[in-house]
Structure formats: C-alpha cells, structure tokens
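Chain naming here is simple, since letters A, B, ... match the order of the sequence lines and numbering starts at 1 in each.
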Number of protein chains: 2
Amino acid sequence: MVSLKEIAKSCGVSTATVSKALNNKEDIAKATRERIQKKAAEMGYMLDASARALRTKRTYNIGVLYNDTKNAGLAHEYFSSILESFKKTAETSGYDITFITHTIDGKESTYLKHCEYRSFDGVAVILADFTDPEILELVHSDLPVVTIDYIYDDCPAVVSDNTRGLQELVRYAISRGHRRFAYIHGEMTEVTRNRMMGFYSACRLEGIEIEEKYILESDYHDIEMCAERTRELLAMPNVPDCIIFPDDYSYLGALQVLAEKGLTPGKDISVMSYDGIQLAKAIGLTTYEQDTNALGRIACRRLIEAIEDPEAIVEHSVVMGKLIEGRTVTQKQV
Amino acid sequence: MVSLKEIAKSCGVSTATVSKALNNKEDIAKATRERIQKKAAEMGYMLDASARALRTKRTYNIGVLYNDTKNAGLAHEYFSSILESFKKTAETSGYDITFITHTIDGKESTYLKHCEYRSFDGVAVILADFTDPEILELVHSDLPVVTIDYIYDDCPAVVSDNTRGLQELVRYAISRGHRRFAYIHGEMTEVTRNRMMGFYSACRLEGIEIEEKYILESDYHDIEMCAERTRELLAMPNVPDCIIFPDDYSYLGALQVLAEKGLTPGKDISVMSYDGIQLAKAIGLTTYEQDTNALGRIACRRLIEAIEDPEAIVEHSVVMGKLIEGRTVTQKQV
DNA sequence: ACTTTTTTAGAAAACGCTTACAAATATTAA
DNA sequence: TTAATATTTGTAAGCGTTTTCTAAAAAAGT
C-alpha cells in the first residue's frame with residue numbers, strides 16, 4: 001500500500017509534515033495541509049492501523065467477550081441484538097469490534113493475554129460466567145472494561161432493570177385477576193436473583209402467597225428443559241393460573257406442552273415471559289421487553305468514556321424495559 | 001507490557017535471539033531456547049500483534065462482512081450460527097475475527113479501505129447484497145475472500161444446496177399426497193433463484209402444474225410481510241393444500257394468520273419452510289435444515305487456505321442440508 | 001594442528017507511523 | 001533596520017517485532 005513516505009516524496013515534504021497534515025494538526029499551513037490531503041486521496045493512501053497502534057498505543061479496537069458455553073452464544077437474540085447496537089455505536093465513534101478468545105496463535109491462553117496481544121483499548125463483557133477466574137482477572141486488570149447485566153463495583157456496568165421487570169409483569173397479571181402464580185426461572189445468576197426479588201416483592205406487596213412448589217428452576221434459552229418443567233407444573237393438583245417463563249425463547253417449549261394438553265394460552269391459562277424478542281411479538285406473547293438497543297449503546301458509550309478518560313467516574317447505568325401486552329394473559333372476571 | 005528487549009536484557013542475549021527462541025526457529029541452541037522461553041513465561045511476556053503485523057504484514061485477523069440492512073443482521077439465527085462456527089474454526093487456527101465496517105476513524109469510507117486499514121489477512125462475506133459495488137470492489141481486490149451462499153467465479157465460495165433443498169421438500173410433500181402447492185419465497189437473490197429452480201423442477205418431474213398466482217414474493221425474516229402474503233393466499237378461491245414459506249422465522253407470521261382462520265398446520269393445511277433453526281424444531285415445523293455448522297467451518301477453512309497459499313485453486317463447496325420431518329405436513333389418503 | 005563445515009548468536013535495518021524538539025522562515029514590534 | 005515573536009517545516013528517534021547477513025564458536029574432517 002502507499003505509505004506516508006511516498007506521499008512525502010510526491011509532495012516534496014517530510015513524512016512528519018504529511019502525518020500532521022493528515023491528522024489535521026494545527027502547526028501546519030492551511031495550504032500545505034490541503035495540498036497534502038488532496039494528494040493523499042489521489043494516491044489512495046490508507047493509514048496502517050498496526051503502525052499507528054505500535055506508535056501510539058491506541059488500536060481503536062474493542063474486544064467483546066462472551067462465553068455462553070451452555071446455550072446459544074451468538075444465536076441468542078438477546079445477545080446478538082445488544083452486540084448489534086454496541087457495534088453500531090462503536091462504529092460511529094471510530095472503534096472496531098473484535099471477539100476475544102482465549103487462544104493465541106492456536107495455543108490455549110487466557111482472555112487477558114489475548115487482550116494484551118491485540119492491545120484492545122477496552123473490553124466489553126456481555127454474556128459470560130461472571131465468576132470465571134479468567135474473567136475476574138480481566139475485569140480487575142487495568143484495561144477499561146464494561147460489563148452488561150452484571151455489576152462489579154470497580155468497573156462501569158449497564159444492567160437491565162430485572163427486578164422492576166418482574167414486578168411489572170406480576171402486577172399486570174394481578175390487575176387482570178390472577179392470584180396463583182408459577183415462576184419457572186433461569187439458572188441462578190445475578191440476573192435471576194434480581195428477577196426473583198421482583199417477583200417476590202410484587203407478590204408480597206399485593207398480599208399474594210407463593211407456594212414454593214410453583215417456583216421451578218430451568219435454564220435460559222433451553223426449550224427442552226422449559227417444556228419439561230411446564231409438564232411437571234401442569235401435572236400438579238392445583239394448576240396455577242399464570243406461569244412466568246425464563247425467557248421468550250424457552251417458552252417455545254412450553255407452547256408445545258400446552259398444546260398437547262389442549263390449553264390455549266390467553267384463554268385457558270395465562271403465560272408471560274421475559275426479553276421481548278421479535279418472536280414474542282410475532283406470537284403475541286405477553287412479555288417484558290429489554291431495551292437491548294439502549295443496553296448496547298450505553299455500554300459502548302460508557303466504555304469509550306472509560307477509555308478516553310481514565311479518571312472518569314465509574315458509573316452503573318440501569319436501563320428500563322417495558323411491558324409488552326400480548327394476548328397471553330386473560331382478563332378474569334372478579 | 002514486557003517486551004522482547006527486557007527479556008533479552010534479563011537473559012543476557014540479543015532481541016534477535018529472543019525472537020527466534022520464542023518462534024521456535026531452528027538456528028538457536030535448544031538450551032538457550034528453553035531458557036528464554038522459561039524466562040519469558042516467568043516475566044509474563046506477551047507478543048504485540050501490532051508490532052508483528054507491521055513487520056510481517058500478517059495480522060492473523062479475519063474481517064467478517066455482513067450488511068443485511070433490511071432485516072435482522074446479527075439477530076438472524078442463520079447468520080449468527082454460521083458466524084459462530086466460523087469463529088470457532090478461526091480460533092483454533094490462530095485467527096481472530098473483526099467486523100468490517102465502512103467507517104474509519106468515524107468517517108465514511110469503503111469496505112475495502114477498512115480492510116486495508118486493518119490489514120486483514122482475509123475476508124468473509126456472509127450475508128450481504130452481493131451486487132453492491134463496494135462489495136464487488138472488495139471481492140475483486142487482491143485480498144483473499146470467501147463468500148457464503150453466493151458464487152463469484154474467481155473466489156472461493158461455500159453454498160448451501162438450495163436447489164436440492166426445495167426439491168426434497170416438494171418431493172416429501174408429494175409423497176404424502178399433496179398436489180396443490182403455494183410458495184411464498186424471499187426476495188429475488190441468487191439463493192432464491194436456486195430454491196425456485198428446485199421447486200419448479202421437482203414439480204415438473206412429478207408432473208405437477210403450478211399456478212403462478214400461488215407463487216408470491218415476500219422477504220426473508222420478515223414476519224409481517226409473510227403474514228400478509230399468507231392472508232392473501234388464504235383468501236384465494238382454491239386454497240392450496242401445502243404452503244412453503246421463505247424461512248422458519250418468517251413462518252411465525254403465518255402461524256398467527258392460520259390460527260386466526262382456525263386452521264391447524266399439519267391437520268387442516270400443510271406447511272413447510274427452510275432453515276431448520278432451533279425454533280423450527282421446537283414447534284415441530286417441517287423444514288429443510290441448512291448445515292450452518294459446516295457452512296461456517298468450511299468457509300473458514302477455504303479462506304485460510306487461500307490466505308496461506310495464494311496459489312490454491314479456487315474451489316466452490318456445496319454443503320448438503322437435510323429434511324426435518326416435523327408435524328406440519330399431513331399424510332393424505334389417496 | 002589446521003582447515004572446513006556446521007551450529008549458534010548478534011548487529012542492524014526495516015516495517016509505517018507519531019512527536020518532541022530543533023531549525024528555518026515569516027511576521028510583528030521596537 | 002534589527003530584535004523578538006509567531007508560524008511553519010524538518011530531523012530524528014522510537015514504538016516492538018522479524019530477518020538478513022555477518023561473525024564467532026564449536027564440531028568435524030584432514
């Protein structure tokens with residue numbers, strides 16, 4: 001490719017001058033600047049990211065980490081949708097996105113090492129086992145890090161208001177006359193704990209008793225397991241009148257089971273879930289939509305702030321979602 | 001970070017020697033090599049990718065391009081699932097994945113420029129408007145490129161056997177007694193053309209007449225539009241007995257419409273679609289599963305071949321899918 | 001013991017860029 | 001006009017690697 005040197009030669013100036021001209025530095029005459037920029041464009045000049053990075057210690061490259069081993073990874077719409085919005089925001093700020101792995105040169109390594117190798121300016125941890133020592137190491141390094149849906153005290157985080165989400169769902173169902181809830185929740189992560197807090201507190205506030213047997217653990221994004229739990233639930237003597245599922249996607253498992261039993265959601269039984277992915281809207285599922293767009297955007301902004309101003313105060317942002325009123329919660333007569 | 005120089009000092013050798021030792025070059029004594037490697041590990045040395053790239057012109061970084069403006073982008077399970085498998089393969093071969101954009105430094109640019117800027121070793125074009133001049137420019141540059149589901153003569157490609165896929169679907173439905181087909185297909189891309197070829201040829205071979213009015217154009221991944229087309233179809237005087245939809249996801253739109261009309265798929269009417277995403281399996285949809293795993297893996301292998309051996313012959317691989325027999329195609333009495 | 005060959009290590013340049021500092025030129029002040 | 005100041009350009013070093021070529025040391029042949 002054509003380099004600074006060639007432009008310098010062609011313009012009869014030094015490479016320093018060319019560099020300054022192309023970077024719009026102030027200590028260069030306007031006429032020269034323009035002449036050089038024009039020439040550079042003509043010659044099809046393109047900056048070499050490696051060379052600049054080597055010199056400036058800035059890569060304008062952000063590492064994105066996810067290690068959702070168990071389930072869907074990228075295929076999880078929640079994740080991909082956050083990533084998409086993160087990427088867009090990064091793009092307009094001049095940053096690129098590279099996936100973090102823990103292999104370097106085909107050899108096993110650690111996340112942190114990989115980040116050092118690539119000299120990422122910062123890192124976003126989006127969907128991960130936040131107790132993984134390798135991730136802890138990364139988070140506690142001096143690299144700027146932002147986490148999504150998990151809070152470490154010392155680094156910026158963007159979280160969804162999971163507690164409020166479940167509160168709203170429960171209150172909505174109560175307002176439509178439901179009293180006997182079941183909650184099939186996801187695996188016991190921080191997110192789940194928050195949701196359960198919302199669930200219990202809303203019930204208590206409304207004076208509703210929760211029988212423990214109606215609280216079942218499943219997994220996020222796991223259609224099979226969710227189907228199984230639903231089957232268990234429906235086999236109980238006193239079937240609840242409203243079931244809350246871990247997420248929209250896993251609800252698809254339940255959908256089948258309900259059909260088998262001849263139950264129509266929104267008529268014979270009420271169901272709600274969480275996420276608000278497109279699929280949910282398509283099938284009219286009542287759910288709580290996470291604002292993945294905001295999550296990605298804000299996370300990216302926070303990270304870039306942290307990168308560009310190391311003294312920036314660590315902030316934890318909470319992003320509100322909204323109830324999507326589908327057709328799966330019946331209006332009961334009182 | 002600790003650099004070659006510091007290891008050199010600490011070991012009392014030159015940086016050249018350290019470099020050779022760490023790269024397992026032959027012209028270094030085994031004892032020194034081991035001593036240096038040990039020391040490097042102790043000191044927590046990590047290679048600097050920028051420096052190496054600057055010197056060697058190899059970044060071990062692959063650019064991935066998708067520009068699915070209209071619809072889902074990353075959220076498309078077909079895409080994310082290919083990407084996931086591509087990424088895994090790249091990882092084990094020592095390559096990282098970075099998204100290609102057409103902004104550099106926050107300013108509009110072109111895909112090709114961005115690739116030059118980042119010095120990608122190669123590029124994968126996965127989901128894109130393959131007629132976009134910017135993409136053509138990229139593909140016809142001298143960068144190694146692999147395309148997925150689209151073939152340019154002069155660069156390696158991995159494609160799904162779309163023609164065969166539709167043939168199998170049609171033949172399956174025919175074997176179960178269907179004769180009156182409707183096909184709501186996606187927008188007119190190469191993929192769609194291939195699928196239609198499969199559709200028409202299978203019908204012809206089985207001596208089945210296709211009425212043009214039963215062939216409707218919709219979009220991939222567009223629930224709304226698919227619902228609308230389905231509605232149109234169901235309003236026709238002679239409702240077809242088997243409808244083929246663009247893809248599993250958009251079928252969700254049809255699902256609603258069918259329910260409205262009181263039609264149960266697999267009982268009152270038969271439906272099939274394409275992709276074989278998890279969702280389809282969950283709801284028992286008869287579909288043709290694309291082997292996204294193989295698509296991603298093979299694409300990555302081809303690309304790395306092209307990168308590492310510029311003389312490698314250009315190969316186009318076709319990946320077979322398989323029919324997923326769900327519960328949405330009835331068995332008719334003859 | 002002396003040459004020849006092989007093995008091992010180092011010196012130095014280069015990759016493309018930025019930047020502190022010095023130098024040259026133009027502008028203004030006195 | 002001359003000195004002081006402001007503006008513009010250039011010099012050169014350095015970022016962390018790799019690599020070619022040279023040199024020294026060790027091993028092998030005579």
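Residue whose closest nucleotide on DNA chain C sits further toward the 5' end, between Thr15(B) and Glu26(B): Glu26(B).
Taking 4.0 angstrom as the limit, Arg52(B) places a side-chain polar atom (N or O) nearer than this to OP1 or OP2 of dT18(D). For dC17(C), neither phosphate oxygen OP1 nor OP2 lies less than 4.0 angstrom from any side-chain nitrogen or oxygen of Tyr117(B). For Thr32(B), a side-chain nitrogen or oxygen approaches OP1 or OP2 of dA9(C) to under 4.0 Å. Within the structure, a side-chain polar atom (N or O) of Ser14(B) is placed less than 4.0 Å from OP1 or OP2 of dG10(C). In terms of phosphate contacts, Lys25(B) brings a side-chain nitrogen or oxygen within less than 4.0 Å of OP1 or OP2 of dT19(D). Between Ser19(A) and dT18(C) there is a side-chain polar atom (N or O) within less than 4.0 angstrom of OP1 or OP2. Contact annotation: Thr17(B) side-chain N/O to dG10(C) OP1/OP2 distance is under 4.0 Å.
A salt bridge is absent between Asp27(A) and Arg33(A); no separation between the charged side-chain nitrogens and carboxylate oxygens falls under 4.0 Å. Salt bridge status for Lys87(B) with Glu84(B): absent, with no side-chain N to carboxylate O gap under 4.0 Å.
Side-chain proximity of Asp48(A) to dT18(D), dA12(D), dC17(C): nearest is dC17(C). Listed candidates were dG10(D), dA11(C), dT9(D). Nearest to the side chain of Ala16(A) is dG10(D). Checking dC21(D), dC17(C), dA13(C) against every side-chain atom of Ala51(A), the shortest atom distance belongs to dC17(C).
Here dT19(C) presents its P atom at 8 Å from CG of Asn23(A), a figure rounded to the nearest Å. For the pair Ile36(B) CD1 and dT18(D) P, the interatomic distance rounds to 13 Å; values are reported in whole Å. For Leu47(B) and dT17(D), the CG to P distance is 6 Å, given to the nearest whole Å. For the pair Arg55(A) CZ and dG14(D) P, the computed distance is 10 Å after rounding to whole Å. Between Lys57(A) atom NZ and dC17(C) atom P the separation is 16 Å, expressed in whole Å. In this structure, Asn24(A) places its CG atom 12 Å from P of dT18(C), rounding to the nearest Å. The NZ atom of Lys5(B) sits 16 Å away from the P atom of dG10(C) (whole-angstrom rounding). The nearest whole Å value for the distance from the NZ atom in Lys20(A) to the P atom in dT9(D) is 9 Å.
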CA sep, side-chain torsions, deciding dist, call: Tyr60(A), Phe120(A), ring-ring contact (aromatic ring centres under 6.0 Å, His included): CA-CA 7 Å; Tyr60(A) 289 92; Phe120(A) 294 130; over 10 Å; no
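Relative ring orientation between His102(A) and Tyr111(A) is described as parallel, the plane-to-plane angle staying below 30° on a 0-90° scale split at 30° and 60°. In this structure, Tyr66(B) and Phe99(B) have perpendicular ring planes: the angle between them is above 60°, well past the 30° mark.
Among the heavy atoms of the strands lying under 4.0 Å from Ile28(A) are primed sugar atoms or P, OP1, OP2 only; no base atom is included.
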